[in-house]
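See below for the structure under consideration.
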Amino acid sequence: MTKDKRIKAVRVRSRRIWVPVIAHIFALVLVSALAVASLVVFFMYTCYMCTEDGVITFERIARRYEDGDMEALEESLPMIIIDEDGNETVLNGEDTCSREGYPIMKFSRSGFRGVASAYTAYADLVSGNATPSDLGFVMFNPYDRDSEIFFDINDPDRTVGDTLVLPFWISRELKDGSTLYCRVNLDITYSDLFFMGAFYAMMGVIILLAFIFLITISITNARRENRLVKLLFSDPISNDRNWLWFVSTGRKVMKRGLKSGAKYAIVSLIFVKYRNYVLCHSVEEGEKMLSHVYSVLAASLGKGEIAAHSTEAKFPMLLRYKDKDDIKRRLEGIIAQLEKIDDNHNHKFAFQAGINLIGDASDRISKRIRIKDIDFDKEYNNASAARITLEESDESSIAFFDEELVEKQKWIDRVGELQDKALKCEEFKVYYQPKYDPRTDRMKGAEALIRWDSPELGFVPPGKFIDIFERTGFITRIDNYMLTHVARDQKRWHEMGLPCVPVSVNVSRAHFVENDLADQIHKIVTDEGCPCDLIEIELTESAFFDDKSMMVNTIRKLQEYGFEVSMDDFGSGYSSLNSLKDLPLNVLKLDAGFFSEVEEEGRGQIVVSEAIKLAKSLNMRTVAEGVEVREQVDFLAEEGCDMIQGYYYAKPMPGADFEAKMKGGE
Ligand code: C2E
Ligand code: CA
Ligand code: CA
């Protein structure tokens with residue numbers, strides 16, 4: 001999984017922690033609601049079953065009353081109607097005393113306890129001395145239709161054996177706006193009651209268990225998630241936060257800080273040559289050192305700043321800063337402190353930091369960047385990209401990420417994209433730069449130098465791509481390509497009878513380490529039908545490596561095949577004298593640097609003259625590179641330098657021009 005994907009996975013996971021919690025809460029609520037609903041439904045059903053008769057009767061009475069069907073009402077329920085004096089007027093549907101205009105009152109026989117008591121009850125109700133629930137009667141008042149109507153269909157004197165009678169009131173709004181109340185009895189046998197109780201108890205236990213189960217699961221899950229998050233975000237070496245924590249926290253901290261006007265620097269810091277330290281000591285000691293580094297970094301943090309230990313010897317940091325100088329000074333201070341962390345002072349460590357400045361609001365506005373669009377991972381990657389530019393050195397240093405770096409990276413990518421096609425389509429051209437004898441001014445040799453004539457990139461000098469090819473390893477194919485083309489040209493010129501001179505071809509370090517290099521070169525040259533003495537092999541000092549015997553073997557073998565071997569860029573900064581001592585080279589090429597530093601001419605001349613003498617005493621010929629003026633030529637001629645390769649005589653030129661030069665007999 002790529003780093004980016006890993007980070008995203010964690011981001012998703014850290015958000016998902018809430019998902020099970022929410023799911024559990026939801027499940028709890030759902031189970032509770034279902035349980036309550038089922039209990040209510042069951043309760044209502046039970047009530048209905050136990051009061052079904054009463055409810056049906058109640059409904060029937062209500063309907064009949066609404067229809068005004070008094071007769072049917074009276075028939076269906078034995079009724080008695082009394083006048084206001086308490087005299088009976090209707091009994092069981094028969095008008096016993098028709099007196100128009102008199103208020104009448106009706107009540108059921110079931111609630112009948114004698115006319116007088118009914119009347120009294122009604123009077124009590126009207127005067128407020130009795131409540132509906134005190135009564136056991138049906139009472140209609142046809143003269144006041146809005147009034148409440150009370151009704152009891154039960155026999156209050158009923159005696160029950162194994163049944164529990166629970167009276168309660170139900171009501172219903174009638175069409176005329178009045179309300180009909182009815183007291184019905186809930187008749188439950190004791191056995192039903194027992195089963196109901198058992199059912200409720202069982203449901204209660206189930207709900208309780210479900211609750212306990214869900215709560216336990218929630219707690220366990222939350223704990224597990226917590227442990228996982230801890231594990232995911234902690235670093236075993238520093239015993240503190242790790243890279244994943246840095247990314248997930250960093251993006252929040254930074255965005256919050258940016259909103260309040262702070263400026264942030266994302267730093268990618270590395271302990272240089274940590275592996276070497278581990279190699280010389282132990283993994284345990286190495287990790288101790290990393291933990292020490294981390295504690296120094298953590299102690300240097302201010303408010304709103306974070307740091308972590310990432311993989312191996314890398315330490316990402318998110319710091320606030322005022323301006324570029326301020327953050328540079330601060331990082332230099334931290335690095336100076338880190339360099340001395342070895343308590344025994346046996347080691348001086350080196351640390352390199354890449355810094356990416358996120359900038360303030362005005363910066364962002366000018367670059368049209370919105371806070372929410374800032375990709376923290378990408379910004380950190382930029383800091384790392386800046387740090388990687390320092391990797392060639394082992395010294396402590398700091399590099400800032402900038403647009404130039406982006407352009408450089410884009411260029412590297414573009415070169416990488418186009419290189420194979422360029423090789424296949426022969427876009428690489430061989431240029432020849434002649435070497436002259438300064439005493440006779442005659443051409444004695446040449447160096448083959450590459451140019452890239454690219455349809456996409458234009459005409460590109462080697463300085464813009466050789467480094468890249470050296471890093472990617474593509475250089476070996478380039479070296480072979482150049483060798484093939486030079487051998488091919490030389491063979492042609494040789495066959496044309498031109499006064500051919502040896503042409504040197506550069507072989508890079510990546511190539512030089514191959515132990516059959518001499519055979520490879522020999523095969524390429526002879527396959528083209530070119531005599532080996534027309535080719536010289538140039539090796540830079542930087543290409544020399546520790547295995548001296550293998551290098552000596554390769555050089556000897558090349559010489560046996562008839563190639564001359566030269567040391568390129570002598571004096572350009574590597575430990576030259578040692579290489580000279582050990583390697584049986586034919587030619588020493590003095591670096592152009594000797595002839596470009598004008599102000600140090602006096603001292604330079606001494607070094608050049610001594611170098612020429614040294615070469616002579618080692619039986620080597622000398623070539624001076626980068627010579628641009630006559631005085632230098634005269635000086636070199638006087639000192640006995642064998643050849644000069646420089647703009648004074650000629651710049652590198654296409655093969656056709658070089659051929660013309662040879663034809664001209666230069
Ligand atoms: P180098 O091998 O040291 O090549 C000499 C460089 O010095 C050439 O640059 C040449 O054009 C330049 N030069 C020669 N005389 C003068 C002068 O009087 N004044 C100045 N200012 N410059 C002078 P060039 O061709 O740009 O090559 C640069 C480097 O690229 C070469 O340095 C070599 O390291 C590398 N390179 C060029 N062609 C090849 C190749 O075919 N294979 C490999 N491996 N490297 C190559
Ligand atoms: Ca060279
Ligand atoms: Ca050179």
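Position 1 is the first residue of the sequence, and the numbers go up from there. Just so you know, ligand 1 is whichever comes first in the structure, and atom 1 is the first atom listed for that ligand.
Asp569 lies close to the Ca ion (ligand 3), since one of its N, O or S atoms is found at a distance under 3.0 Å. Contact annotation: Asp568 places an N, O or S atom under 3.0 Å from the Ca ion (ligand 3). Backbone or side-chain N, O or S atoms of Glu625 reach the Ca ion (ligand 3) at under 3.0 Å.
Ionic pairing of Lys408 and Glu404 is not present here: no N-O contact between side-chain nitrogen and carboxylate oxygen is shorter than 4.0 angstrom. The pair Glu391-Arg387 counts as a salt bridge, with a side-chain nitrogen and a carboxylate oxygen less than 4.0 angstrom apart.
Within the 4.0 Å heavy-atom cutoff, His511 does not count among the residues contacting ligand 1.
A donor-acceptor distance shorter than 3.5 angstrom exists from the side chain of Gln433 to the backbone of Ala650, with no hydrogens or angles considered.
Residue Asp479 approaches ligand 1 through these ligand atoms, each under 4.0 Å from one of its heavy atoms: 42 (N), 43 (C), 44 (N).
At a 4.0 Å heavy-atom cut-off, ligand 1 touches Asp568 through the side chain alone. With a heavy-atom cut-off of 4.0 Å, Asp569 touches ligand 1 through its side chain alone. With a heavy-atom cut-off of 4.0 Å, Pro652 touches ligand 1 through its side chain alone.
You'll find the ring centres of Trp452 and Phe459 outside the 6.0 Å limit.
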